[in-house]
2 protein chains.
Amino acid sequence: MMDEINMISKSQIIDKLKKAGVTPTQQRVEIGQILFAKPQHMSADQVLSVVNQTGPVVSKATIYNTLGLFAKKGLVREVIVDPSKVFYDSNTSEHHHFYDIDTGSLMDINNGQLRLESMPVLPDGTEAEGIDIVIRVRKSMH
Amino acid sequence: MMDEINMISKSQIIDKLKKAGVTPTQQRVEIGQILFAKPQHMSADQVLSVVNQTGPVVSKATIYNTLGLFAKKGLVREVIVDPSKVFYDSNTSEHHHFYDIDTGSLMDINNGQLRLESMPVLPDGTEAEGIDIVIRVRKSMH
DNA sequence: CAGCCATTTAGACAAAGTCTATTCCATTAA
DNA sequence: TTAATGGAATAGACTTTGTCTAAATGGCTG
Ligand SMILES: [Mn+2]
Ligand SMILES: [Mn+2]
Ligand SMILES: [Zn+2]
Ligand SMILES: [Zn+2]
């Protein structure tokens, strides 16, 4: 039996996917249940291994296809901080990150805790698509 | 004959390397001449191919070793924005970036054009190591 | 010249991610 | 109920970026 407390029901996930214009297949719902259980940052590989801890195997291609689709539909946010892998963030609200360079862990910065003084002039013929702020931290050696 | 205008002399590079505590070998100087010619953002692969357009071949391992060493010694800055490769930035002054998601090109934001309103409270037991701000832009469709 | 030791090197290897050709499967039509 | 359709899933080959290893190189110093 699974932890009911942090569990989101299948139907809630299906709703969420439908609202985003994503056909709720078996695999997408299962991935959604894991990813959307709480605000978190997971790599494709982590999703793959958690999904495949129970039930029928979901292929690597499907994991990547699904995460890419979720990202395109705004259900997750891709966070680029680790040169070796992308993090998928189930928290899609506007926020920024601490990145611990020792442990490789990502932490949310509450919005309101951080803001830009002003927006710089954008390059000609471009429009802003988003802003990513990463504060790299490490264990303070007192 | 090479373009003398944007050329940095070998001895200038050797000086720069020595000051940073890097033994100026043939290969390191050649890589330095390319990278330090102007403020720019290059991937390891780009450095490899430019270096090997002329003169004796420099191995891939040496390119990675050298860029890693330069980064450790503060001669270049690693910029993580593209999920598929690291950019090495010859501009080591404090600044941030525009990233064109259509073209994949990186542009500097003049410091002073951008600043944080305030520093958020860091996670317990950590100290800030640096801040990276990336403004993702794309071609504005009028 | 001989020895030393950092550096360079070729190429094997690893990990993340992409692609392709085929199979599967839910839905609709007959 | 079966048949046809088309989107989705799959295995595994492939690509790319980057790392590692073991051997060769090459500048210095004695
Ligand atoms: Mn499963
Ligand atoms: Mn060359
Ligand atoms: Zn987050
Ligand atoms: Zn820059």
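Chain letters run A, B, ... following the sequence lines, proteins first, then strands; residues in each count from 1.
At a threshold of 4.0 Å, the pair A:Asp15-A:Lys18 does not count as salt-bridged, since none of the basic side-chain nitrogens sits closer than that to a carboxylate oxygen.
Rounded to whole Å, atom C1' of C:dA15 lies 14 Å from atom CD of A:Gln46. Taking atom CZ on B:Arg28 and atom P on C:dA6, their separation rounds to 12 Å, with Å as the unit.
Considering only heavy atoms from C-beta on, B:Val81 stays 4.5 Å or farther from A:Ile80 through its side chain. Inter-residue side-chain proximity for B:Lys139 and B:Thr103 is flagged as met; some heavy-atom pair is nearer than 4.5 Å. At a threshold of 4.5 Å between non-hydrogen side-chain atoms, the residues A:Leu106 and A:Val79 count as touching. With contacts defined as side-chain heavy-atom distances shorter than 4.5 Å, the pair B:Val47/B:Ile31 qualifies.
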- prompt: Between B:Arg28 and B:Phe70, is a side chain to side chain contact (heavy atoms under 4.5 Å, CB included) present by the stated rule, with each step listed?
  reply: CA-CA 9 Å; B:Arg28 288 168 183 173; B:Phe70 283 8; 4.3 Å; yes
task: Show the numbers, then the answer: is there a side chain to side chain contact (heavy atoms under 4.5 Å, CB included) between A:Leu75 and A:Lys16?
output: CA-CA 9 Å; A:Leu75 292 168; A:Lys16 187 175 168 114; 3.9 Å; yes
message: Working note: B:His97 + B:Asp132, criterion side-chain hydrogen bond (donor to acceptor under 3.5 Å, both in side chains); need CA distance, chi angles, decisive distance, verdict.
response: CA-CA 8 Å; B:His97 295 98; B:Asp132 296 316; over 6 Å; no
- request: Please step through side chain to side chain contact (heavy atoms under 4.5 Å, CB included) for the pair A:Asp108 and A:Asn91, ending with a clear verdict.
  value: CA-CA 9 Å; A:Asp108 284 352; A:Asn91 178 357; 2.9 Å; yes
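The phosphate of D:dT10 has OP1 or OP2 within less than 4.0 Å of a side-chain N or O from A:Thr62. Note on A:Thr25: every side-chain N or O is 4.0 Å or more away from OP1 and OP2 of C:dC25.
Here the straight-line distance linking atom CZ of A:Arg77 with atom CD of A:Glu94 works out to 8.0 Å at 0.5 Å rounding.
Contacts between residues 70-82 of chain A and DNA chain D, counted as heavy-atom distances below 4.0 Å, involve no residue at all.
A rotation axis mapping the C1' atoms of four pairs onto the next four is fitted at both ends of the helix from C:dC1-D:dG30 to C:dA30-D:dT1 over five pairs, and the angle between these axes is 0° to 10 degrees.
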- prompt: With the sugar-phosphate defined as primed atoms, P, OP1 and OP2, and the base as all remaining atoms, what B/S/- string results for nucleotides 14-30 of chain D, 5' to 3', for protein heavy atoms under 4.0 Å?
  reply: ---SBBB----------
